[in-house]
Engineer: 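Dumping the structure here so I can ask a few things about it.
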Amino acid sequence: MAIVKHTTSKNMSYGDALDYFSYKHKEEHGLYEPVLDQDGLMQERENYAIACLDPHGQEAPPENWWAACMQTNLAFGKNQEKKDRKQHQYIISHPEEDRPLMTMEDLLEEGKAFVRENLPGYDALIAVHRDTENDHIHIAINSVRAVERAPQPWMMKNEDDSIRKSETCAGGKHQDSPEFRKHYNDWLLTYTRDHGLMEKDNNAIAEQHKQERYEQRNQELAEAIREAAKTSVSFPSLVQQLEQEKIFLLRKGKDFCVLGPKNRNAVRLETLGIQAEEMPILQKEQETPTPAMEAQSKDFLIEKRKYIEWIQNRREKNNRRAEDALADAAALITSKAHSKEEFQELRVLARQTIYLERDLQTELDKVENLLERWQKYQEPNSSPEERRSQDRFLRWCGCNPDSQEEFRQLHTEREVISLQMKQISCIQEALKETTDQWRTYNEPILTIAETIARRDQLSQKLSIIRANRKKLGQIAYNCQKAADRRIYKQPYLEKAVHFRKLWHDKLLQEEAVKDQLRQTKRQVRLARGCGERG
């Protein structure tokens with residue numbers, strides 16, 4: 001069966017990937033070093049093929065891959081820090097049984113099909129190596145997407161079930177999410193089946209391994225608890241002994257649950273196959289719980305109840321913001337706004353109301369989701385599994401699903417939020433109308449303000465261009481120094497020439513922005529002079 005492995009790299013030298021795909025390398029101390037001949041030159045691989053695809057899926061010269069990646073990074077201002085992940089690499093490995101069924105061209109076409117189907121929008125470098133017992137395909141992509149791509153069902157989503165913008169927009173960074181791994185494993189299964197190759201469901205195997213790891217962790221946890229119970233003379237000594245192994249024994253009602261070092265959530269003793277009757281210490285503790293145990297369990301449950309606390313904190317914050325915004329807006333709207341400062345306050349307040357409306361909408365979505373879960377729990381026709389699922393969620397949120405009083409309070413909260421959103425919408429309309437009236441009576445002052453804002457914007461743009469030009473100059477200098485140090489220096493000389501050209505383009509752009517800035521400053525001085533004479 002064919003399998004896919006994924007790795008990432010923080011190496012900013014994209015040309016190293018091209019060298020690794022084309023020339024022989026050996027692993028030393030976890031790093032891959034080129035194999036040199038007697039003249040100190042790298043030796044070309046045998047029985048390999050290499051190709052390159054641009055972001056639109058069209059073939060391009062492989063030697064242009066590193067330059068395309070650098071241009072994409074500079075265009076979107078990404079991958080400029082040492083800690084950034086610069087590349088993602090996928091390796092498709094076929095078993096020995098597939099070798100007679102596939103030629104070099106077939107393997108290269110499989111790599112291209114994988115990129116076009118699963119990684120559109122990225123600059124991709126594809127290489128086929130047949131120098132081992134297993135044929136394998138290397139695929140390296142830039143971590144930054146060069147062009148926009150179409151949304152897909154497997155992409156990561158927001159809380160409102162909409163696809164995240166970073167998954168489709170140009171300039172977004174690649175994410176190897178679990179949904180994406182399931183997608184390309186399904187694609188690989190279909191591809192191997194259609195081409196008569198050895199097939200196996202990698203997703204089913206992964207789920208089986210996950211279940212086996214879960215059962216193994218539970219078995220190790222159960223064995224640790226039983227061993228500790230054998231040597232413990234009292235319940236506090238049992239708790240202390242387990243804590244030394246980073247195992248925490250907690251209480252939920254009359255039952256016990258365990259939080260192990262490898263578990264994210266607590267597991268009930270019944271799930272581990274441990275009954276309280278097996279351990280007299282636990283059975284006695286069920287009847288007379290200690291205050292320390294109750295306090296520990298209480299702290300644990302409070303730590304888990306994040307959802308309802310988030311809603312309550314947001315409610316208090318948004319209530320204060322809504323009251324302040326309504327009071328400030330009423331004062332500004334009723335007054336006769338004639339000064340520039342009041343106009344700026346109007347604009348700031350308008351933006352604040354937009355942000356407040358967005359936050360209220362998020363809060364409303366959270367409350368409606370909680371109410372929807374509550375209604376499903378209360379439905380008489382719900383299955384026992386559905387009711388247990390909703391019961392666990394509601395209790396995790398800090399709610400009592402059997403309390404009608406809390407249910408009514410949540411309904412009231414939803415009505416209050418809806419009313420606040422209507423008030424904010426009315427205030428926004430009034431602020432817009434007041435702002436338009438101010439523009440009509442104070443157009444000259446507004447023109448000066450916009451010109452000053454344009455001047456500040458150009459100044460900020462000029463500083464960014466200068467910073468980018470400085471970085472390009474440093475990169476060109478480093479490439480030139482690398483070419484001087486190495487015998488195999490032609491690629492580094494080409495890089496130095498390329499970045500010098502980019503540096504010169506930035507210099508021309510800087511001069512153009514300087515001219516615009518000088519003109520804008522002149523307009524500001526003229527406008528202020530006319531205003532003083534007026």
Engineer: Just how far is it from atom CD of Q516 to atom CZ of R455, taken to the nearest 0.5 Å?
Structural biologist: 15.5 Å
Engineer: From the options K173, Q152, R149, select the one residue that forms a side chain to side chain donor-acceptor pair (under 3.5 Å) with E167.
Structural biologist: R149
Engineer: Any side-chain heavy atom of Q361 sitting closer than 4.5 Å to one from D365?
Structural biologist: yes
Engineer: Taking the inter-plane angle between the rings of H174 and Y122 on a 0 to 90° scale, is it parallel (under 30°), tilted (30 to 60°) or perpendicular (over 60°)?
Structural biologist: perpendicular
Engineer: To the closest 0.5 Å, what do you measure between CG (L410) and CG (L371)?
Structural biologist: 4.0 Å
Engineer: Might you work through the side chain to side chain contact (heavy atoms under 4.5 Å, CB included) test for Q378 and W374, ending with a clear yes or no?
Structural biologist: CA-CA 6 Å; Q378 293 179 345; W374 215 319; 3.5 Å; yes
Engineer: D456 vs Q460, test: side-chain hydrogen bond (donor to acceptor under 3.5 Å, both in side chains). Steps then yes/no.
Structural biologist: CA-CA 6 Å; D456 297 339; Q460 184 179 5; over 6 Å; no
Engineer: Measure the shortest side-chain to side-chain distance between L472 and L74 over non-hydrogen atoms and say whether it is less than 4.5 angstrom.
Structural biologist: yes
Engineer: Quick one: do H88 and D176 satisfy side-chain hydrogen bond (donor to acceptor under 3.5 Å, both in side chains)? Show the steps, please.
Structural biologist: CA-CA 9 Å; H88 289 265; D176 188 71; over 6 Å; no
Engineer: Taking it one step at a time, do M42 and V35 satisfy side chain to side chain contact (heavy atoms under 4.5 Å, CB included)?
Structural biologist: CA-CA 6 Å; M42 290 192 294; V35 179; over 6 Å; no
Engineer: Strictly distance-based, threshold 3.5 Å: is any side-chain N or O of W66 a donor or acceptor partner for the main-chain N or O of S13?
Structural biologist: no
Engineer: What are the two closest heavy atoms between D391 and P401, and how far apart are they?
Structural biologist: OD1-CG, 3.1 Å
Engineer: Hey, does D16 have a side-chain heavy atom less than 4.5 Å from the side chain of F21?
Structural biologist: no
Engineer: Nearest 0.5 Å, please: how far is OH in Y90 from CG in L188?
Structural biologist: 13.0 Å
Engineer: Is the CZ atom of R99 crowded by more than 12 outside heavy atoms at less than 6.0 Å?
Structural biologist: yes
Engineer: Is the backbone N or O of L197 less than 3.5 Å from a side-chain atom of T192, with the two atoms forming a donor-acceptor pair by type?
Structural biologist: no
Engineer: Check whether any side-chain heavy atom of L517 sits under 4.5 Å from a side-chain heavy atom of L462, and report yes or no.
Structural biologist: yes
Engineer: Check P55 against A146 and note the closest heavy-atom contact, atom names and distance.
Structural biologist: CG-CB, 3.5 Å
Engineer: Answer whether the closest heavy-atom distance between the side chains of R45 and Y20 falls below 4.5 Å.
Structural biologist: yes
Engineer: Measure the spacing between NZ of K82 and CG of N11 and express it to the nearest 0.5 Å.
Structural biologist: 11.0 Å
Engineer: If you count heavy atoms of other groups shown closer than 6.0 angstrom to NZ of K182, is the number above 12?
Structural biologist: no
Engineer: Inspect the surroundings of CD in E511 and state if more than 12 heavy atoms from other residues, nucleotides or ligands are less than 6.0 Å away.
Structural biologist: yes
Engineer: Starting from the C-alpha separation in whole Å, work towards a yes-or-no answer on side chain to side chain contact (heavy atoms under 4.5 Å, CB included) for H504 and L508.
Structural biologist: CA-CA 6 Å; H504 186 263; L508 296 178; 3.7 Å; yes
Engineer: Given 3.5 Å as the limit, does a donor-acceptor pair link the side chain of S22 with the main chain of D19, or not?
Structural biologist: no
Engineer: Do Y48 and V128 have side-chain heavy atoms sitting under 4.5 Å apart?
Structural biologist: no
Engineer: Closest approach of C52 and P62, non-hydrogen atoms and distance?
Structural biologist: CB-CA, 3.7 Å
Engineer: What is the ring orientation for Y184 with F180, classed by angle as parallel under 30°, tilted 30 to 60°, or perpendicular over 60°?
Structural biologist: perpendicular
Engineer: Check this for me, if you would: do K112 and E59 make a salt bridge, where the nitrogen-to-carboxylate-oxygen distance has to be below 4.0 angstrom?
Structural biologist: yes
Engineer: More than 12 non-hydrogen atoms from neighbouring residues, nucleotides or ligands closer than 6.0 Å to NZ on K470, yes or no?
Structural biologist: no
Engineer: Any side-chain to backbone donor/acceptor pair from N185 onto R181? Under 3.5 Å, distance only.
Structural biologist: yes
Engineer: Roughly how far apart are S389 OG and K376 NZ, rounded to 0.5 Å?
Structural biologist: 9.0 Å
Engineer: Please say whether the positively charged group of R145, taken as NZ for Lys or CZ for Arg, lies over the ring of F76, i.e. under 6.0 angstrom from the six-membered ring centre and within 45 degrees of the axis.
Structural biologist: no
Engineer: Does the side chain of L18 come within less than 4.5 Å of I50's, by heavy atoms?
Structural biologist: yes
Engineer: To the nearest 0.5 Å, tell me how far I141 CD1 sits from I126 CD1.
Structural biologist: 11.0 Å
Engineer: Between D84 and K78, does any NZ, NE, NH1 or NH2 come within less than 4.0 Å of an OD or OE carboxylate oxygen?
Structural biologist: no
Engineer: Identify the heavy atoms of N79 and N73 that sit nearest to each other, and give their distance.
Structural biologist: ND2-OD1, 3.3 Å
Engineer: With the threshold set at 4.0 Å, does a side-chain nitrogen-carboxylate oxygen contact exist between R469 and E510?
Structural biologist: yes
Engineer: Has H195 got a side-chain atom pairing as donor or acceptor with Y191's backbone, closer than 3.5 angstrom?
Structural biologist: yes
Engineer: When you compare the side chain of M155 with that of T168, does any pair of heavy atoms fall below 4.5 Å?
Structural biologist: yes
Engineer: I'd like to know if the side chain of N478 and the backbone of Q474 have a donor-acceptor N/O pair within less than 3.5 Å.
Structural biologist: yes
Engineer: Can you check whether G57's main-chain N or O pairs, donor with acceptor, with R116's side chain at less than 3.5 Å?
Structural biologist: yes
Engineer: Given the rule in the side-chain hydrogen bond (donor to acceptor under 3.5 Å, both in side chains) test, do Q390 and E386 qualify, once you have shown the distances and angles that lead to the verdict?
Structural biologist: CA-CA 6 Å; Q390 305 304 338; E386 178 70 18; 2.7 Å; yes
Engineer: Please report the shortest heavy-atom distance between F499 and A476, naming the atom on each side.
Structural biologist: CB-CB, 3.8 Å
Engineer: Taking atom NE2 of H6 as the centre, report whether more than 12 heavy atoms of other residues, nucleotides or ligands fall under 6.0 Å from it.
Structural biologist: yes
Engineer: Quick one: does any side-chain atom of H136 pair with a main-chain N or O of N134 as donor and acceptor, under 3.5 Å?
Structural biologist: yes
Engineer: Might you point out which heavy atoms bring W65 and A140 nearest each other, and give the distance in Å?
Structural biologist: CZ2-O, 3.8 Å
Engineer: List the steps, then state whether side chain to side chain contact (heavy atoms under 4.5 Å, CB included) holds for I91 with I139.
Structural biologist: CA-CA 6 Å; I91 303 175; I139 300 171; over 6 Å; no
Engineer: Give a yes or no answer on whether the side chain of Q87 reaches the backbone of N142 with a donor-acceptor pair at less than 3.5 Å.
Structural biologist: no
Engineer: Would the distance check show the side chain of K24 and the main-chain N or O of Q43 forming a donor-acceptor pair, the cut-off being under 3.5 Å?
Structural biologist: no
Engineer: Other residues, nucleotides and ligands only: do more than 12 of their heavy atoms fall within 6.0 Å of NZ on K501?
Structural biologist: no
